Asker: 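Following this message is one structure expressed as structure tokens.
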2 protein chains.
Amino acid sequence: MELLKLSNQLCFPLYALSRKITSHYLPILEKIGLTYPQYLVMMVLWEESGLSVKELGHRLMLDSGTLSPLLKKLEDREILVRTRLKEDERVVIISLTGTGEKLREKASEIPEQIKCCLDLSDKELRDLRTLAAGLLDKINKLEAVHNN
Amino acid sequence: MELLKLSNQLCFPLYALSRKITSHYLPILEKIGLTYPQYLVMMVLWEESGLSVKELGHRLMLDSGTLSPLLKKLEDREILVRTRLKEDERVVIISLTGTGEKLREKASEIPEQIKCCLDLSDKELRDLRTLAAGLLDKINKLEAVHNN
DNA sequence: TGCAATTAAATTGTATACAATTTAATTTTA
DNA sequence: TAAAATTAAATTGTATACAATTTAATTGCA
């Protein structure tokens, strides 16, 4: 097998598919005024508000270089607030405002809309999610070992 | 199932996994002085030099907004050249220079190194590639229909 | 033919990603 | 306990992505 062929790479289909799926979110997310990474941040915060930037970054696998400006934009729009933790002033806590909480209702239709517009079967979605989540997990564990 | 939970999304594991895998390429690609998207461009050109920007964009699913500055950087480093097509001056043809061709030899070890550092089994790699490539194909066909 | 529509790249503007550095606060330790 | 090490965010700098616009060339059609 010609290893340097694009079609034989794992990385390319994954990279292209990820971007493609993201692009399907755009017109839908536009209606509630969020970008795709902003939507991911909001999903985490809808599950649990009041997380630190570090914890948010851990769950999304994003660093403060990406999150800081993104969170600032959401704060400007009064979707969330940033508060320094009293006990440790280094830590910034991200909490949803009423506006941010309310956005959840508007977002509740999104997963269904995406599934529909991608026209993938339940099985395809599930298989890919399981496989991707599994590998992600494995890579993360590998990195954890490597860092200790 | 709580549809708005991050763990139940397809999009997130795919997005995170794609970035994670890309990040594993970085230290390896650094040695030959390429970024990840630049490496993808080079893989296409090593297979077939002399493509138009449009065709390159089609194969990589990237538009000229992304490719133009990227190609300019590679041209500055004399890895490729851009030539206007005589028969149609709108078209820019991208051709590898000797330097660009030679880079292939340096890159030939990369797929093996990646496979090794990701520590994924052949089966995992193959399954994910097949599934991702399949879905990508399906989505592309869907879009093709939609645009006609 | 001549001008409107189309097309291919490039450019512009906005929003990530992420490495590396900086800043400020907290811990550790000599 | 005071300086050194560590930590959490923010900032800086570089490189994508991609929508939208612009520019220049080519086609199509009235």
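Bear in mind that the values here come from a model prediction, so they are computed numbers and not experimental data. A, B, ... follow the sequence lines: proteins, then strands. Residue 1 opens every chain. Hydrogens, waters and symmetry mates play no part in the numbers below; they use all other heavy atoms, side chains included.
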Asker: Can you tell me how far C1' of dA17(D) sits from CD of Gln38(B), to the nearest Å?
Answerer: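 Nearest whole value for this atom pair: 14 Å.
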Asker: Are any of Tyr15(B)'s side-chain N or O atoms less than 4.0 Å away from OP1 or OP2 of dA17(C)?
Answerer: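 Yes, such a contact exists.
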Asker: When the distance from CG of Leu71(A) to C1' of dT11(D) is rounded to whole Å, what number comes out?
Answerer: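 From Leu71(A) CG to dT11(D) C1': 15 Å.
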Asker: Would you confirm whether Gln38(A), through its side chain, and Leu71(A), through its main-chain N or O, come within 3.5 Å as a donor-acceptor pair?
Answerer: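 The answer is no, because no donor-acceptor pair under 3.5 Å joins these two groups.
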Asker: Give a yes or no on whether a salt bridge exists between Lys72(B) and Asp76(B), defined as a side-chain N under 4.0 angstrom from a carboxylate O.
Answerer: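 Salt bridge flag = no for Asp76(B) with Lys72(B).
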Asker: Mind calculating the distance between CG (Leu70(A)) and C1' (dT14(C)) to the nearest angstrom?
Answerer: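 Answer to the nearest Å: 13 Å.
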Asker: Can you measure Leu67(B) atom CG to dT12(C) atom P for me and round it to whole angstrom units?
Answerer: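 That distance rounds to 18 Å.
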Asker: Please enumerate all protein N or O atoms sitting under 3.5 Å from an N or O of nucleotides 18-20 of chain D, with distances to 0.1 Å.
Answerer:
from: dC18(D); atom 1: OP2; to: Arg19(A); atom 2: NH1; distance (Å): 2.8

Asker: Please list each protein N or O that sits under 3.5 Å from an N or O in nucleotides 22-29 of chain D, with the distance.
Answerer:
from: dT26(D); atom 1: OP1; to: Glu89(B); atom 2: N; distance (Å): 3.1

Asker: Quick test of your reading: applying side chain to side chain donor-acceptor pair (under 3.5 Å), list the pairs with at least one residue in residues 96-114 of chain A, sequence neighbours left out, ordered by first then second residue.
Answerer: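 Residue pairs with at least one partner in residues 96-114 of chain A: there are none.
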Asker: When the distance from CG of Asp76(B) to P of dT14(D) is rounded to whole Å, what number comes out?
Answerer: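 Going from CG in Asp76(B) over to P in dT14(D) covers 15 Å.
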Asker: Closest approach to the side chain of Lys73(A), judged atom by atom: which nucleotide of dT16(C), dA9(C), dA17(D) is it?
Answerer: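 Of dT16(C), dA9(C), dA17(D), dT16(C) is nearest to the side chain of Lys73(A).
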Asker: For Arg82(A) and dA8(D), what is the distance between atoms CZ and C1' respectively, to the nearest whole Å?
Answerer: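 After rounding, the gap between these two atoms is 13 Å.
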Asker: Is there a side-chain polar atom (N or O) of Lys72(B) under 4.0 Å from OP1 or OP2 of dT11(C)?
Answerer: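 Yes, because at least one side-chain N or O of Lys72(B) sits under 4.0 Å from OP1 or OP2 of dT11(C).
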Asker: Taking only residues at least two apart or on different chains, which pairs with a member in residues 39-49 of chain A satisfy salt bridge (charged side-chain N to carboxylate O under 4.0 Å, His left out)?
Answerer: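 Those involving residues 39-49 of chain A are Glu48(A)-Arg59(A).
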Asker: When you measure from the side chain of Arg129(B) to the backbone of Asn8(A), do you find a donor-acceptor pair of N or O atoms at a distance under 3.5 Å?
Answerer: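 At least one qualifying donor-acceptor pair exists.
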Asker: Where along residues 41-57 of chain B does a heavy atom fall under 4.0 Å from DNA chain D?
Answerer: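 Here the set is empty: none.
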Asker: Do other residues, nucleotides or ligands put more than 12 heavy atoms under 6.0 Å from the NZ atom of Lys54(A)?
Answerer: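 It does not: Lys54(A) NZ has 12 such atoms or fewer within range.
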Asker: For the backbone of Thr66(B) and the side chain of Asp63(B), can you confirm whether one donor and one acceptor N or O come within less than 3.5 Å of each other?
Answerer: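 At least one qualifying donor-acceptor pair exists.
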Asker: Describe the nucleic acid contact of Thr35(B) in one word from base, sugar-phosphate, nothing, applying a heavy-atom distance below 4.0 Å.
Answerer: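 Since only primed, P, OP1 and OP2 atoms lie under 4.0 Å of Thr35(B), the category is sugar-phosphate.
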Asker: Short question: side chain of Trp46(B), backbone of Lys5(A) - any donor-acceptor pair under 3.5 Å?
Answerer: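 Not a single qualifying donor-acceptor pair exists.
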Asker: Starting at atom CG of Leu60(A), determine the distance to atom C1' of dT16(C), rounded to an integer number of angstrom.
Answerer: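 Computing the Leu60(A):CG to dT16(C):C1' distance gives 13 Å.
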Asker: Figure out the CG/P separation between Leu34(B) and dT14(D), and round it to whole Å.
Answerer: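 For the pair Leu34(B) CG and dT14(D) P, the rounded distance is 18 Å.
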Asker: Under a 3.5 Å distance rule, please check whether Lys138(A) uses its side chain to pair with a backbone N or O of Asp119(B) as donor and acceptor.
Answerer: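 Yes; at least one donor-acceptor contact below 3.5 Å.
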Asker: In Å and rounded to the nearest 0.5 Å, what is the CD1 to OG1 distance from Ile94(A) to Thr83(A)?
Answerer: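 OG1 of Thr83(A) is found 7.5 Å from CD1 of Ile94(A).
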Asker: Excluding sequence neighbours, so at least two apart, what forms salt bridge (Lys or Arg N to Asp or Glu O under 4.0 Å) with Arg82(A)?
Answerer: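 Here the qualifying residues are Glu75(A).
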Asker: With a 3.5 Å distance limit and no angle check, can you tell me whether Glu124(A) reaches the backbone of Ser121(A) through a side-chain donor-acceptor pair?
Answerer: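 Yes; judged by distance alone, with no hydrogens or angles, the pair exists.
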Asker: Which nucleotide sits closest to the side chain of Arg84(B): dT16(D), dA10(C), dT16(C)?
Answerer: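 Shortest atom-to-atom distance from the side chain points to dA10(C).
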